[in-house]
Amino acid sequence: MQTFDTQNPPFDRLTHDEIETVRAALDIGYFPPGDTIIAPGDRSDCLHVVVKGLVEERDGETVEARLGPKDAFDSRSLVHGPAATAFVAAEETLCWLLPKPVVFDLIARNPGFAAFFYSEISRKLRSWDRHDRDGVDSVLRARIRDVRTHPAVFIEGSASIEEAGRLMHERSSDTLYVHEPDPSGDPARDRLGILSGTSLVKAVVLEKMPFTTPVREVCHFDVVAISPDDFVFAAVIAMTRHSKRRLAIRESDTYVGVLEDIDILGLVAGNPQLVPGRIDQARAVDDLAPCARDIQAQVERLHRQGARVEVIAEITSDLNRRLFAKLFELIAPSSIRGAGCLMVMGSEGRGEQTVRTDQDNGLLLAHPVPEEDLDAFRADFTAALESFGFPPCPGDVMVKNPRWSQPIDAFVAQIRDWVMAPGEDGPMNLGIFFDAVPVTGHHALLDRAKTALIAMMTGESAYLSRFARAIDQFEGASAGVLTSIMASVGVGSDEIDVKKAGTFPIVHGVRTLAIDTGVREVSTVRRIGALVEAGLIGSDLGRELPSALSYFMELRLRSQLAAIGTGKRERESIVRLGELTSRDRDLLRDALRVVKRFREIVRNRYHLGVY
């Protein structure tokens, strides 16, 4: 007989004395094949942990999950109420049995153990994150006020650069705030700039400015501020997004200090805030290739050191967009730079991409440009990205495809065709485009196209139903998770495609509701927030959906990095269930339940049962 594994979640959260309590209370149960261990509507009187054999969780005729050794069940019928599903022995099965009173006592005494029994995946993830996360993630989630920063030192804009240099020396500060009064005398319209020692040296040595030059002519007035209560990861993202080496620290309306990149240089793995500078310094397309490799290295390094997948995705998206913008600047002829809006779409547009996947980009033009300019740009831009490691899009959603790089009037007409045409390509293309964000150029062009799309589809139930129908495209992927039904999406019985089973139904369902209600947010999480505010999604589901999405993104990132390591990119979203811990399998079941619940809401709203 096997000994009880105290390292198996949630028992790994218990103290030594609590473990001894468990061991003393354990019993063993035998269940022959076909035996119903817990029936729908019953309340369990103990927690079951599979020792040997196989247990199926069944919802009517559907097998929702298969539970093997070390898997525990059913926390819901033990703690929250009658069982909603049946648990049936699929073969001869032995289970450890932990009596309900002992479980309740441990829940009351140990918050980490209690997290296993939360009905909401969001609460489970929060509790386990607090227990498990360390390394760079703990640094990223430190507050700015807990990091070494520099005091705020002020100088008037009329002061000379010589005076500024002396003040820096006296105060041992490399950064000064520059106060520039408004000529009207209205303090509310005064400007505040930042002057660094580096800018001072450049002004004197490189530009040969006189020492009497007012500092207003040397400083930068595009100040980016954060709060002392912000997290370090917010500072890293702000530095990355705005290409800043220094951030102002503002508390209420008062500037209280300065945070420099060197202050967090040793805290954050790989220092992603330094990559924008390398991109900006590129003078040729070939100079950007190392930057693209740097971005990928940031993903691997941050994940290895425990950073949250949402933080990794946001940093990566900002860096990729900066890379694309610089490539556009280097490649695009003046005719296209003057008339164009470069956009990215799909997961790149939503800010939910981590590892480089397919290119999803396009170009809108305010007016026609010379055909030879456009042809050359299409070919060169796509080829450059491919050389950087961004694979071509199988659906050809790329700048090189004339469908995705054309004047705005023609593109809006094409949107109308996608809405009206009966084919399957229309809804797919509309979904990809609705996730678009501008990278550089005339942002108003993209806004105009999206406004047209929303106007065409808002309130049009037939169009919206056809668009929403894609949520059922991979329905089998989650209807029988952990079972042979996974073969319906091309993977084995012990595997799951987390993109098809989890990420896509959430992303597309939320996208459909966003179009329906005119929500202009692009990230899935922000769309969910807007839909909760609009009353289309309940607050509880509004908490569960982002948590489930985050978990699917984390699982997929692990698979993507493993696929890169083995060279099997085709398996970048495949998770082998046998390689997951019992805790991860429990979280996966919870996340897929959220997907199932959300899918039913979308199916009912758009009457998908008639198809």
Side-chain angles (χ1 to χ4, degrees), residues 54 56-57 62-71 121 125 296 299-300 302-304 308-310 312-313 316 346-348 350 352-360 389-395 428 470-509 524 547-596 599:
L54 189 67
E56 290 182 345
E57 180 183 1
T62 301
V63 177
E64 289 289 335
R66 284 187 171 182
L67 311 177
K70 297 188 178 182
D71 287 331
I121 187 175
L125 287 173
Q296 182 59 40
V299 173
E300 297 176 17
L302 286 168
H303 184 262
R304 188 166 57 246
R308 293 171 184 267
V309 68
E310 302 94 326
I312 296 174
T316 304
S347 60
E348 189 75 71
R350 297 190 306 273
E352 295 161 9
Q353 182 164 295
T354 49
V355 173
R356 286 194 298 261
T357 54
D358 306 335
Q359 295 185 41
D360 282 319
F390 291 89
C393 174
M428 179 187 70
I471 199 173
D472 286 336
Q473 187 174 356
F474 308 113
E475 183 177 11
S478 60
V481 63
L482 316 188
T483 74
S484 58
I485 202 167
M486 292 310 303
S488 67
V489 292
V491 295
S493 60
D494 65 337
E495 298 176 334
I496 182 171
D497 187 318
V498 291
K499 179 180 178 181
K500 294 177 179 179
T503 305
F504 179 79
I506 293 176
V507 167
H508 189 68
T524 303
S547 295
L549 177 63
S550 174
Y551 187 65
F552 290 130
M553 289 172 62
E554 168 66 27
L555 287 181
R556 189 181 181 204
L557 177 54
R558 294 183 209 168
S559 295
Q560 287 174 315
L561 295 177
I564 290 173
T566 60
K568 298 179 179 179
R569 296 296 294 264
E570 71 278 3
R571 296 184 62 81
E572 56 92 23
S573 62
I574 303 299
V575 172
R576 290 186 62 86
L577 302 169
E579 295 174 358
L580 296 178
T581 66
S582 59
R583 186 193 74 172
D584 277 330
R585 289 195 295 271
D586 180 69
L587 287 170
L588 179 58
R589 290 194 295 271
D590 285 343
L592 289 171
R593 287 187 183 101
V594 173
V595 171
K596 183 177 181 181
R599 179 186 274 118

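The first residue of the sequence shown is numbered 1, and numbering continues consecutively from there.
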Next on the checklist: Whether the side chain of E352 engages the backbone of T524 through a donor-acceptor N/O pair (distance < 3.5 Å, no angle test) should be reported.
Outcome noted: yes
Checklist entry - Does D472 offer a backbone N or O that forms a donor-acceptor pair with the side chain of R599 under 3.5 Å? => result no
Going from [atom1] on [X] to [atom2] on [Y], what distance comes out if it is rounded to the nearest 0.5 angstrom?
X    : Y    : atom1 : atom2 : answer
S559 : I564 : OG    : CD1   : 11.0 Å
S573 : L557 : OG    : CG    : 12.5 Å
S550 : E310 : OG    : CD    : 3.5 Å
I312 : M553 : CD1   : CE    : 9.0 Å
D590 : S547 : CG    : OG    : 11.0 Å
E300 : T354 : CD    : OG1   : 10.5 Å

Checklist entry - Looking at R593 and E64, does any basic side-chain N land under 4.0 Å from a carboxylate oxygen? => result no
Shortest non-hydrogen contact from [X] to [Y]?
X    : Y    : answer
I471 : H508 : N-CD2, 3.7 Å
Y551 : L588 : CE2-N, 3.7 Å
C393 : D358 : CA-CB, 3.8 Å
A591 : F552 : CB-CZ, 3.5 Å
A501 : P505 : O-CG, 3.7 Å

Item to check | Passing option when E554 is tested against V498, D584, V309 for side chain to side chain contact (heavy atoms under 4.5 Å, CB included) | outcome: V309
Checklist entry - Of K499, E495, R556, which is the lone residue that meets side chain to side chain contact (heavy atoms under 4.5 Å, CB included) with I574? => result E495
Next on the checklist: Would you say T316 and Q353 are linked by a side-chain donor-acceptor pair, where the criterion is simply a distance under 3.5 Å?
Outcome noted: no
Checklist entry - Run the salt bridge (charged side-chain N to carboxylate O under 4.0 Å, His left out) check on R583 and D586 step by step: do they pass? => result CA-CA 5 Å; R583 186 193 74 172; D586 180 69; over 6 Å; no
Checklist entry - Any side-chain heavy-atom pair from L580 and L555 closer than 4.5 angstrom? => result yes
Checklist entry - Do V63 and E57 come close enough that some side-chain heavy atom pair is under 4.5 Å? => result no
Next on the checklist: Against Q560, only a single residue in R571, R356, E572 fulfils side chain to side chain donor-acceptor pair (under 3.5 Å); can you say which?
Outcome noted: E572
